[in-house]
Amino acid sequence: MATRSVHAACPHDCPDTCAIRVTVEDGVAVRVQGDPDHPPTDGTLCTKVARYTERTYHPNRLLYPLRRVGAKGGGQFERITWDEALNDIAARLRCIAARDPTAIVPYSYSGTLGLIQGEAMAARFFNRLGAARLDRTICSSAGAAALNATYGSRVGMHVEHFAGSNLILIWGSNSIASNLHFWSVAQTAKRNGAKLICIDPRRTETADKCHEHIALLPGTDGALALGLMQQFIEQRLLDQDYIDCHTDGWPALREQAGQWTPERTASVCGITAQQVRDLARDYGTTRPAAIRLNYGMQRVRGGGSAVRLIAALPCLTGAWRHRAGGLLLSSSGWPQVQRAALERPDLLGGANPRTINMNTIGNDLLRETTPEFGPKIEALIVYNSNPVAVAPESPQVLRGFLREDLLTVVMEQFQTDTADYADYVLPATTQLEHFDVHTSYGHAYVLVNEPAITPLGEARPNSAVFRALAARMSFDDACFSQTDEQIGAQAFAGGVDFEQLRRDGWVRLPVPEAPFENGGFPTANGRAQFAPAGLGVAGFVAPYESRQSSPELAVRFPLAMISPPARHFLNSTFVNVASLRSIEGEPLLEVHPQDAAPRGLRDGEIVRTYNDRGEYRCKVKISDRARPGVVVALGIWWRKLGPAGTNANELTHQRLTDIGRAATFYDCLVEVAAL
Ligand SMILES: Nc1nc2c(c(=O)[nH]1)N[C@H]1C(S)=C(S)[C@@H](COP(=O)(O)OP(=O)(O)OC[C@H]3O[C@@H](n4cnc5c(=O)[nH]c(N)nc54)[C@H](O)[C@@H]3O)O[C@H]1N2
Ligand SMILES: Nc1nc2c(c(=O)[nH]1)N[C@H]1C(S)=C(S)[C@@H](COP(=O)(O)OP(=O)(O)OC[C@H]3O[C@@H](n4cnc5c(=O)[nH]c(N)nc54)[C@H](O)[C@@H]3O)O[C@H]1N2
Ligand code: SF4
Ligand SMILES: [Mo]
């Protein structure tokens with residue numbers, strides 16, 4: 001028997017980006033394991049990806065190109081050859097492009113975070129075509145814009161150094177579910193005596209294991225940060241020397257913060273004034289103190305301002321002076337990714353096509369041609385994403401996908417909700433079947449993913465599909481004939497040796513141990529910016545929808561709904577893996593007993609959750625994991641597995657964050673009723 005061990009990387013949208021070893025026996029991948037040598041992975045994978053072979057060899061893998069035969073959205077397809085599929089699609093695209101190439105829209109996000117199966121050959125293809133651009137804002141762009149504004153880039157602490165912290169604020173993060181390897185490090189700190197405080201509207205499994213849990217109302221984190229600043233001033237907890245030497249804008253921010261007394265903060269956040277005072281004292285007096293901020297808290301109208309305010313905290317107390325102090329939201333700014341070489345924006349030839357925000361795809365698919373919008377969307381090419389399930393306000397999204405005159409191509413591994421609405425479904429390879437290189441947004445390493453097995457059926461990597469489409473469109477630039485390995489070799493500058501990467505599976509980036517102990521932020525002047533040009537000082541931005549900010553709406557829809565990820569799914573991925581779905585059970589809505597009683601809800605019955613946008617049915621779970629006034633719909637379920645063929649995005653809306661143009665999934669009022 002021939003046995004091989006292959007270096008791989010977890011492709012999923014998870015800050016841990018694990019290094020994987022795949023064991024291959026006679027051409028079959030039999031096992032995936034965490035790389036014991038890669039420090040953040042430390043030899044373990046989460047339950048989901050430990051089952052990656054189950055997903056790869058799943059009996060429902062899409063293995064052949066398909067063409068729709070029945071009505072749109074009916075899920076009826078016939079098998080065709082790759083040649084037929086590519087010829088048809090190229091002909092349709094050529095015809096649309098002859099009128100206006102910006103009527104063609106790519107739609108992709110985080111099925112894989114690989115640089116090559118993500119936006120390399122795909123971006124080259126769409127740039128050369130002159131297609132519309134996609135603003136990839138469904139997840140993290142508010143927080144990213146906030147970090148860029150404050151620190152100059154998306155940079156922060158090394159995850160490994162949280163082990164040495166004495167206080168860790170786990171803020172807007174259910175780490176056990178969605179940042180497991182950070183949680184292991186936090187456990188080490190806890191064993192060494194560190195205090196862990198969780199700031200989350202939901203009592204998550206992570207909150208259960210922290211020393212304290214502050215269950216604030218969704219979308220009020222900016223107010224809490226301002227309240228902490230007010231207390232730093234009052235309790236004399238500021239590191240004035242760090243502020244003077246390494247920050248700009250404190251006088252203006254100080255004035256703003258001075259108005260946030262503990263009482264005012266407490267009433268906005270739905271917590272007690274004592275909690276604000278105590279948190280400020282703990283954070284301001286413990287050394288080293290670290291914040292693991294995560295993206296859950298920025299999926300609201302004021303998400304960007306909140307991240308700017310929280311990012312100021314470790315500068316005000318000088319927490320950055322220690323390598324185990326500071327903040328980590330994202331580390332994605334550390335690697336020097338050669339985007340221009342990968343994506344070739346020069347192929348646009350000076351054209352400046354319009355941009356479609358992926359969060360408003362529901363509305364945009366329904367828009368007619370206008371001078372402001374540009375042409376009506378005529379073709380949507382979906383890869384690495386499942387928008388029918390994950391995009392906000394599904395009723396609108398569905399109406400768009402049902403358009404008879406829309407050409408929809410879906411490159412997928414499985415027959416997802418989105419694939420059901422396709423005109424052409426093209427079978428895609430999984431991570432075990434293609435080459436890629438990866439950065440991480442939670443640690444400072446880059447990784448390689450070598451193919452472990454040959455593609456199943458007729459599945460093809462995304463890169464191969466765009467290469468083949470480029471050939472049919474007669475795009476003859478040499479970049480369209482590069483192999484995936486050749487593209488990978490161009491991906492990084494600055495301290496990454498490609499041969500070493502392929503030999504070892506991963507390379508640590510040359511990032512200082514305590515990156516901002518002496519300032520040196522990647523801003524223009526090296527100082528953290530609290531009132532950058534064009535933005536000014538951040539303030540509290542209330543949610544679009546909440547009892548305090550929209551009292552009239554709250555009369556009809558008094559409950560705030562959040563819909564964070566379930567532990568055993570990854571967004572809508574893995575929902576179809578039987579062993580993982582059986583752990584999650586079925587779609588549930590958690591409701592606090594105080595909210596359930598007046599509505600006469602009985603545990604386990606199917607309820608109706610609704611607002612003006614739509615209605616979602618699922619079982620109710622009466623539980624004090626939800627705080628009063630807040631209901632929780634863990635996701636992201638496939639619509640077709642919900643009792644009424646819908647999921648929680650039936651209720652979310654398409655409005656955007658204050659900065660970064662991001663989605664506001666957790667800024668959503670609803671009412672719940674028994675059937
Ligand atoms: N198991 C698993 N892991 C995942 C994912 C998954 O689906 N499943 N998804 C991946 C992806 S794409 C991402 S972006 C990350 C997401 O992971 P995180 O960045 O951690 O974000 P969320 O899971 O959206 O939310 C984290 C926590 O924030 C809480 N929260 C909601 N609203 C607020 C608020 O207004 N303020 C505060 N303080 N907290 C709030 C939620 O209750 C939740 O417990 O995880 C990745 N990892
Ligand atoms: N209500 C609500 N909605 C949310 C969120 C929430 O918390 N609440 N979270 C939001 C967030 S943070 C995110 S990041 C988005 C995520 O939304 P998406 O980026 O759409 O992520 P997934 O749902 O995992 O879907 C990815 C799809 O890509 C496919 N795929 C994987 N690898 C490949 C490949 O190599 N090639 C091709 N062609 N396909 C591949 C998978 O099979 C899967 O169906 O959802 C957002 N939607
Ligand atoms: S999903 Fe996250 S924790 Fe799980 S294997 Fe991938 S990177 Fe690691
Ligand atoms: Mo995400």
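When a ligand or atom number is given, it counts from 1 through the structure's own listing order.
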If hydrogens are left out, which of [options] has an atom nearest to [atom], that is, the closest non-hydrogen atom?
| atom | options | result |
| --- | --- | --- |
| atom 20 (O) of ligand 2 | Pro11, Ser385, Ala662 | Ser385 |
| atom 34 (C) of ligand 2 | Ile138, Asn384, Ile636 | Asn384 |
| atom 10 (C) of ligand 2 | Phe665, Tyr666, Tyr383, Phe414 | Phe665 |
| atom 23 (O) of ligand 2 | Cys668, Ser572, Ser394 | Ser572 |

Is it the side chain, the backbone, both or neither of [X] that has a heavy atom closer than 4.0 Å to ligand 2?
| X | answer |
| --- | --- |
| Thr429 | backbone |
| Thr573 | both |
| His12 | neither |
| Asp13 | side chain |

Subject >> Where at least one partner belongs to residues 561-580, residue pairs that pass salt bridge (Lys or Arg N to Asp or Glu O under 4.0 Å), sequence neighbours excluded >> reply: none

Who's the nearest protein heavy-atom neighbour of [atom], and how far?
| atom | result |
| --- | --- |
| atom 32 (N) of ligand 2 | Gln413 NE2, 3.1 Å |
| atom 8 (N) of ligand 2 | Ser563 O, 2.9 Å |
| atom 16 (C) of ligand 2 | Asn571 ND2, 3.4 Å |
| atom 19 (O) of ligand 2 | Ser110 N, 2.9 Å |
| atom 44 (O) of ligand 2 | Glu412 OE2, 2.4 Å |
| atom 26 (C) of ligand 2 | Gly111 CA, 3.5 Å |
| atom 47 (N) of ligand 2 | Val390 O, 2.9 Å |

Between the side chains of [X] and [Y], does any donor sit under 3.5 Å from an acceptor?
| X | Y | answer |
| --- | --- | --- |
| Thr137 | Asn359 | yes |
| Glu119 | Ser108 | yes |
| Gln298 | Asp221 | no |
| His438 | Thr17 | no |
| Thr430 | Thr56 | yes |

[X] and [Y]: which non-hydrogen atoms are nearest, and at how many Å?
| X | Y | answer |
| --- | --- | --- |
| Leu570 | Cys14 | CD1-CB, 4.3 Å |
| Glu458 | Pro427 | O-CG, 3.9 Å |
| Leu447 | Ala9 | CB-CB, 3.9 Å |
| Pro218 | Tyr666 | CB-O, 3.9 Å |
| Pro387 | Phe401 | CG-CZ, 3.8 Å |
| Ser579 | Arg51 | OG-NH1, 2.7 Å |

Atoms of ligand 2 close to [X] [distance to a heavy atom under 4.0 angstrom, numbered from 1]:
| X | value |
| --- | --- |
| Asn386 | 20 (O), 25 (O) |
| Arg55 | 41 (C), 42 (O) |
| Cys139 | 12 (S), 14 (S) |
| Ala428 | 36 (N), 37 (C), 38 (N) |
| Leu570 | 24 (O) |
| Met411 | 37 (C), 38 (N), 39 (N) |
| Asn649 | 1 (N), 2 (C), 3 (N) |

Original post:
Strictly under 4.0 Å, does any heavy atom of His434 approach an atom of ligand 2?
Top reply: yes

**OP:** Could you tell me which atoms of ligand 3, counted from 1 in the order shown, lie closer than 4.0 angstrom to a heavy atom of Leu570?
**Re:** 1 (S)

Original post:
In this structure, which one of Asn571, Asp417, Thr418 forms a side-chain hydrogen bond (donor to acceptor under 3.5 Å, both in side chains) with Asn386?
Top reply: Thr418

Original post:
Any salt bridge between Arg617 and Glu615, counting N to O under 4.0 Å?
Top reply: yes

Original post:
Under 2.8 Å from atom 8 (Fe) of ligand 3, which protein atoms of type N, O or S occur, listed by chain and number?
Top reply: Cys18 SG

Subject >> Matching residue for Thr439 among Val337, Leu113, Leu509 - test: side chain to side chain contact (heavy atoms under 4.5 Å, CB included) >> reply: Val337

**OP:** Would you check the N or O atoms of Pro565, main chain and side chain alike, for any that come under 3.5 Å of an N or O of ligand 2?
**Re:** no

Subject >> Ring centre gap for His38 and His443 strictly below 6.0 Å >> reply: yes

Original post:
Is atom NZ of Lys640 surrounded by more than 12 heavy atoms (other residues, nucleotides or ligands) closer than 6.0 Å?
Top reply: yes

**OP:** For Glu343 and Arg133, run salt bridge (Lys or Arg N to Asp or Glu O under 4.0 Å): C-alpha distance rounded to whole Å, both residues' side-chain angles, the deciding distance at 0.1 Å, then the answer.
**Re:** CA-CA 12 Å; Glu343 302 181 5; Arg133 285 185 278 218; over 6 Å; no

